[in-house]
Student: 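Input: one structure, supplied below.
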Amino acid sequence: MDTETKLKKAGEAIAYLLNRSRRDDKLYYQIGFGTEAFRLLTDAHAALTGEDVEVVEKRYGA
């Protein structure tokens with residue numbers, strides 16, 4: 001598997017978790033705003049999409 005495919009798959013997984021946590025209170029408690037998981041996921045998502053991490057945090061933080 002080439003690097004581009006790996007990055008695409010990683011990006012899809014990260015986006016899925018962030019979107020899912022917005023709809024699932026139990027998951028949000030585990031990986032939502034204020035957790036280390038949230039910081040790592042939003043930082044990775046920002047790096048993969050080219051967005052500012054603050055924009056990503058605001059979108060998925062509340």
Side-chain angles (χ1 to χ4, degrees):
M1 187 179 306
D2 65 9
T3 302
E4 186 174 329
T5 301
K6 290 176 184 178
L7 290 173
K8 182 177 184 268
K9 288 182 177 287
E12 289 170 353
I14 291 165
Y16 172 81
L17 284 171
L18 288 170
N19 282 313
R20 178 75 191 270
S21 74
R22 291 173 61 188
R23 298 186 314 268
D24 184 329
D25 290 339
K26 290 179 183 177
L27 182 59
Y28 188 82
Y29 178 78
Q30 296 289 320
I31 67 168
F33 186 79
T35 66
E36 183 69 7
F38 182 81
R39 187 190 66 75
L40 291 169
L41 287 167
T42 54
D43 188 46
H45 187 71
L48 288 170
T49 62
E51 295 179 85
D52 288 332
V53 73
E54 294 83 13
V55 171
V56 175
E57 287 176 346
K58 186 174 180 179
R59 182 182 318 132
Y60 294 107

Student: What's the separation between atom OH in Y60 and atom CD1 in I31, rounded to the nearest 0.5 Å?
Tutor: 11.0 Å
Student: Check E57 against F38 and note the closest heavy-atom contact, atom names and distance.
Tutor: O-CZ, 3.7 Å
Student: Specify the closest pair of heavy atoms between T42 and R39, including all atoms of both residues, with the distance to one decimal.
Tutor: OG1-O, 3.3 Å
Student: Do V56 and L27 belong together in a cluster built from hydrophobic side chains that touch within less than 4.5 Å?
Tutor: yes
Student: Which atoms form the tightest heavy-atom contact between D52 and A46, and what is the distance?
Tutor: C-CB, 4.2 Å
Student: Quick check: closest heavy atoms across M1 and K6, and the distance to 0.1 Å?
Tutor: O-CE, 3.3 Å
Student: Could you check F33 against Y28 for side chain to side chain contact (heavy atoms under 4.5 Å, CB included), going step by step and ending with a plain yes or no?
Tutor: CA-CA 8 Å; F33 186 79; Y28 188 82; 3.1 Å; yes
Student: Using salt bridge (charged side-chain N to carboxylate O under 4.0 Å, His left out) as the criterion, list what pairs up with K8, not counting sequence neighbours.
Tutor: E12
Student: Can you see which heavy atom on L18 is nearest to which on L41, and at what distance?
Tutor: CD2-CB, 4.0 Å
Student: Looking only at non-hydrogen atoms, find the nearest pair between E51 and V55 and report the distance.
Tutor: OE1-CG1, 3.9 Å
Student: Hey, does the side chain of N19 reach the backbone of A15 with a donor-acceptor pair shorter than 3.5 angstrom?
Tutor: yes
Student: If the condition is side-chain hydrogen bond (donor to acceptor under 3.5 Å, both in side chains), which residues does T3 pass it with, not counting sequence neighbours?
Tutor: none
